[in-house]
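For reference, the structure is listed below as structure tokens.
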Amino acid sequence: MTWRGAAYRVVDGERIDGAWCHVWRRHPFTGDYVFDDLLVYADGTVECAAEGEPGDLEGLRRMLESGRISVTGPREVTEPKEVTGPGEAGDSGGGAVGGGARPSGWASRAPRPLTPEGFFAEAADKVEELSGRPTLRERCAEAVRRFGADPCARNRELLREAYLAVPPHLRVYALGDMDQQDRPLRILFTAVGEPVEGDGPVVTEEAHQRAVDYFRSAAEGFARAREQHSVRQADDPEGAGRPVLTSHETVYPQGWPERPGLFVLRNEYPVTLTCGDETFDSVLHGYWSLAAADPAERARIRHAATGREARELGTRTALRADWPALRLAVMTRLLRAKFTQHPELARVLLSTGDARISYTGFADSRFWLDDPAGKGRNWTGRLLELVRSELAGSGPAGSGPACS
């Protein structure tokens with residue numbers, strides 16, 4: 001199966017990333033199998049378009065066991081079989097669901113056939129990947145590095161466990177070596193004097209040593225790559241940063257709350273700011289007033305009752321011809337003015353730490369907003385991060401660069 005993105009769902013205002021792939025779904029009345037989409041999400045939710053309410057991985061297991069979902073085409077489907085957990089996913093790598101016998105374990109360069117067990121393990125692993133946890137292949141790669149650095153019996157057994165945890169149809173990719181594939185691992189795990197896969201070459205002490213040397217060389221390569229990466233990325237933070245902070249546009253019919261909190265980051269938040277020789281009642285007042293081509297319209301927008309009204313007026317008037325080239329610089333000046341002239345607002349912005357700021361809304365263009373479909377450029381969020389960085393480097397909140 002090929003997993004595709006970017007899928008997502010929104011729960012309580014939070015985006016939950018997902019991925020999807022094609023499966024065969026059995027029609028409940030005719031028994032025919034039809035193509036359908038299966039989606040999994042970072043929180044473990046599983047959806048199949050025709051299955052009604054979202055389920056979970058246990059529900060997916062039951063659908064595979066019952067044959068309601070198949071991983072092979074209609075002509076290949078046989079009786080459903082019990083599906084085991086991710087760590088028990090067909091270690092022997094038996095035949096596919098009606099896919100026929102594998103020609104030769106050693107000679108074949110093709111992956112093992114896809115089975116319901118293997119697909120279940122792969123789907124569970126996809127959830128781990130989406131949630132930012134190590135995948136089975138990443139765990140195997142780490143075990144390879146550990147064994148290469150210290151090829152003791154304990155590390156060999158840990159490597160074997162990590163390799164067998166990888167779904168059988170994906171094991172040929174475990175080492176990321178399309179020439180050797182997973183053969184060094186299969187040699188390493190076969191006892192001296194025994195043929196690999198039952199029909200491969202008989203393993204000797206020399207073959208074992210070559211496999212050990214292969215992994216030692218791989219570990220050295222990993223170490224060199226890690227060193228090179230650390231040199232190239234020397235300014236990267238050592239630990240994980242804060243989660244994304246999403247700034248939502250919110251309407252307060254009765255006026256802004258006494259303690260608006262992070263809503264002070266919004267451009268429509270009412271706060272007096274001076275930029276150049278002009279004073280505005282919000283960032284939106286300043287932006288749309290400065291955008292207008294007609295001086296009379298500029299004054300009208302500047303005196304609008306609210307930031308939203310200023311935006312409404314500004315979007316209905318003719319803009320300066322050079323506005324596309326100037327708008328980023330103007331917005332930067334306005335945001336600097338807002339946060340440097342109001343230390344209490346600067347403290348709120350600084351409290352977001354190093355979080356990426358996703359600035360969303362209803363009315364602004366995608367140039368300024370972060371769009372869930374990935375089409376927004378999020379320039380407002382990016383400029384807020386820029387001003388935050390300037391404030392962090394200028395000492396006490398509010399003593400940052402002046403608006404000029």
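The figures here come from the full heavy-atom set of this structure, side chains too, leaving out hydrogens, waters and symmetry mates.
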Completion exercise
Sequence neighbours excluded, the answer for ring pair (Phe, Tyr, Trp, His ring centres under 6.0 Å) partners of Tyr173 is none
Practice task
Find out whether Val34 and Arg25 are in side-chain contact, i.e. whether some heavy atom of one side chain is under 4.5 Å from a heavy atom of the other.
Solution key: yes
Handout entry: Lys/Arg N to Asp/Glu carboxylate O, Arg316 vs Glu312, below 4.0 Å
Key = yes
Problem - Considering all heavy atoms, the nearest Leu136-Val166 contact - result: O-CG2, 3.9 Å
Exercise for the section: Taking all non-hydrogen atoms of both residues into account, name the closest pair between Pro116 and Leu64 and its distance. Expected result: O-CD1, 3.9 Å
Problem - Listed partners of Asp43 passing salt bridge (charged side-chain N to carboxylate O under 4.0 Å, His left out), at least two apart - result: Arg9
Fill in the blank from the handout: Taken to the nearest 0.5 Å, the spacing of Trp288 CH2 from Thr317 OG1 works out to 10.0 Å
Problem - Listed once per pair and sorted, the salt bridge (charged side-chain N to carboxylate O under 4.0 Å, His left out) pairs that draw on residues 132-142, sequence neighbours left out - result: Glu128-Arg133, Glu142-Arg145
Problem - Test item: Val244 and Arg15 side chains (from C-beta on) under 4.5 Å apart, heavy atoms - result: no
Problem - Pairwise side chain to side chain donor-acceptor pair (under 3.5 Å) hits with a residue in residues 151-160, at least two apart - result: none
Problem - Donor-acceptor pair between Arg26 and Ser70 side chains, under 3.5 angstrom - result: no
Problem - Any residue meeting ring pair (Phe, Tyr, Trp, His ring centres under 6.0 Å) with His248, in chain and number order, not counting sequence neighbours - result: none
Completion exercise
Those residues at least two apart in sequence (or on a different chain) that pass side chain to side chain donor-acceptor pair (under 3.5 Å) with Glu129 are Lys126
Practice task
First locate atom CZ of Arg146, then atom CG of Leu159, and finally report the distance between them rounded to the nearest 0.5 Å.
Solution key: 9.0 Å
Exercise for the section: Verify the distance criterion only: is there a donor paired with an acceptor across the side chains of His22 and Asp36 at less than 3.5 Å? Expected result: no
Handout entry: Side chain proximity check, Phe189 to Leu164, heavy atoms < 4.5 angstrom
Key = no
Problem - His208 side chain to Thr190 backbone, donor-acceptor under 3.5 Å - result: yes
Practice task
Indicate yes or no: at least one non-hydrogen side-chain atom of Tyr269 is less than 4.5 angstrom from one of Lys338.
Solution key: yes
Fill in the blank from the handout: d(Ser351 OG, Leu265 CG) to nearest 0.5 Å is 7.5 Å
Handout entry: Those residues that, when tested against Arg62, pass salt bridge (charged side-chain N to carboxylate O under 4.0 Å, His left out) (two or more places apart)
Key = none
Problem - Point-to-point distance, once rounded to the nearest 0.5 Å, from CG of Asp364 to CD of Glu249 - result: 6.5 Å
Handout entry: side chain to side chain donor-acceptor pair (under 3.5 Å) partners of residues 175-184, not counting sequence neighbours, each pair once
Key = Tyr163-Asp182, Asp177-Tyr214, Asp182-Arg186
Handout entry: Exam field: side chain His285 to backbone Pro270, donor-acceptor pair closer than 3.5 Å
Key = no
Handout entry: Working for side-chain contact (heavy atoms from CB on, under 4.5 Å), residues Val264 and Val271
Key = CA-CA 9 Å; Val264 303; Val271 59; over 6 Å; no
Handout entry: Set of ring pair (Phe, Tyr, Trp, His ring centres under 6.0 Å) partners for Tyr41, sequence neighbours left out
Key = none
Practice task
Evaluate side-chain contact (heavy atoms from CB on, under 4.5 Å) for Ile187 paired with Trp106, printing each intermediate quantity in order.
Solution key: CA-CA 10 Å; Ile187 291 172; Trp106 177 259; 3.9 Å; yes
Exercise for the section: Output, in order, the C-alpha distance, side-chain angles, deciding distance and verdict of side-chain contact (heavy atoms from CB on, under 4.5 Å) for Leu170 and Asp125. Expected result: CA-CA 12 Å; Leu170 298 178; Asp125 202 37; over 6 Å; no
Exercise for the section: May I ask you to decide if Ser247's main-chain N or O and Thr360's side chain share a donor-acceptor pair within less than 3.5 Å? Expected result: yes
Handout entry: Flag side-chain contact, heavy atom, 4.5 Å: Arg356 against Asp370
Key = yes
Handout entry: Glu268 side chain to Leu284 backbone, donor-acceptor under 3.5 Å
Key = no
Exercise for the section: State, with a plain yes or no, whether a side-chain heavy atom of Leu335 is found less than 4.5 Å away from one of Asn267. Expected result: yes
Practice task
State plainly whether the residues Arg210 and Asp213 are in salt-bridge range, i.e. N to O under 4.0 Å.
Solution key: no
Exercise for the section: Can you sort out the partners of Thr279 under side chain to side chain donor-acceptor pair (under 3.5 Å), two or more places apart, ordered by chain and number? Expected result: Thr274
Problem - Steps toward side-chain contact (heavy atoms from CB on, under 4.5 Å) verdict (Val127, Val46) - result: CA-CA 9 Å; Val127 172; Val46 177; 5.8 Å; no
Exercise for the section: Indicate yes or no: at least one non-hydrogen side-chain atom of Glu385 is less than 4.5 angstrom from one of Thr352. Expected result: no
Completion exercise
Taken to the nearest 0.5 Å, the spacing of Asp37 CG from Cys48 SG works out to 8.0 Å
Handout entry: Check: Phe29 main-chain N/O paired with His27 side-chain donor or acceptor under 3.5 Å
Key = yes
Handout entry: Donor-acceptor contact below 3.5 Å, side chain Ser394 vs main chain Leu391
Key = yes
Handout entry: Distance, nearest 0.5 Å, that separates CZ of Arg300 from OG of Ser289
Key = 12.0 Å
Practice task
Check for a donor-acceptor pair, side chain of Arg382 on one end and backbone N or O of Arg377 on the other, with a separation under 3.5 Å.
Solution key: yes
Exercise for the section: Using modelled atom types only, decide if a donor and an acceptor are shared between the side chain of Asp354 and the backbone of Arg242 within a distance under 3.5 Å. Expected result: yes
Problem - Asn378 side chain vs Tyr359 backbone, donor-acceptor pair below 3.5 Å - result: yes
Problem - Distance under 6.0 Å and angle within 45° of ring axis: Arg333 vs Tyr287 - result: no
Exercise for the section: Quick one: which residue pairs count as a salt bridge (charged side-chain N to carboxylate O under 4.0 Å, His left out) with a foot in residues 274-290, not counting sequence neighbours? Expected result: Glu278-Arg298, Glu278-Arg302
Handout entry: Pairwise side-chain contact, Trp368 with Leu328, heavy-atom cut-off 4.5 Å (strictly under)
Key = yes
Practice task
Measure from the side-chain N and O atoms of Thr315 to the backbone N and O of Arg311, and report whether any donor-acceptor pair falls under 3.5 Å.
Solution key: yes
Handout entry: Contacts of type ring pair (Phe, Tyr, Trp, His ring centres under 6.0 Å), residue Phe147, not counting sequence neighbours
Key = Phe215
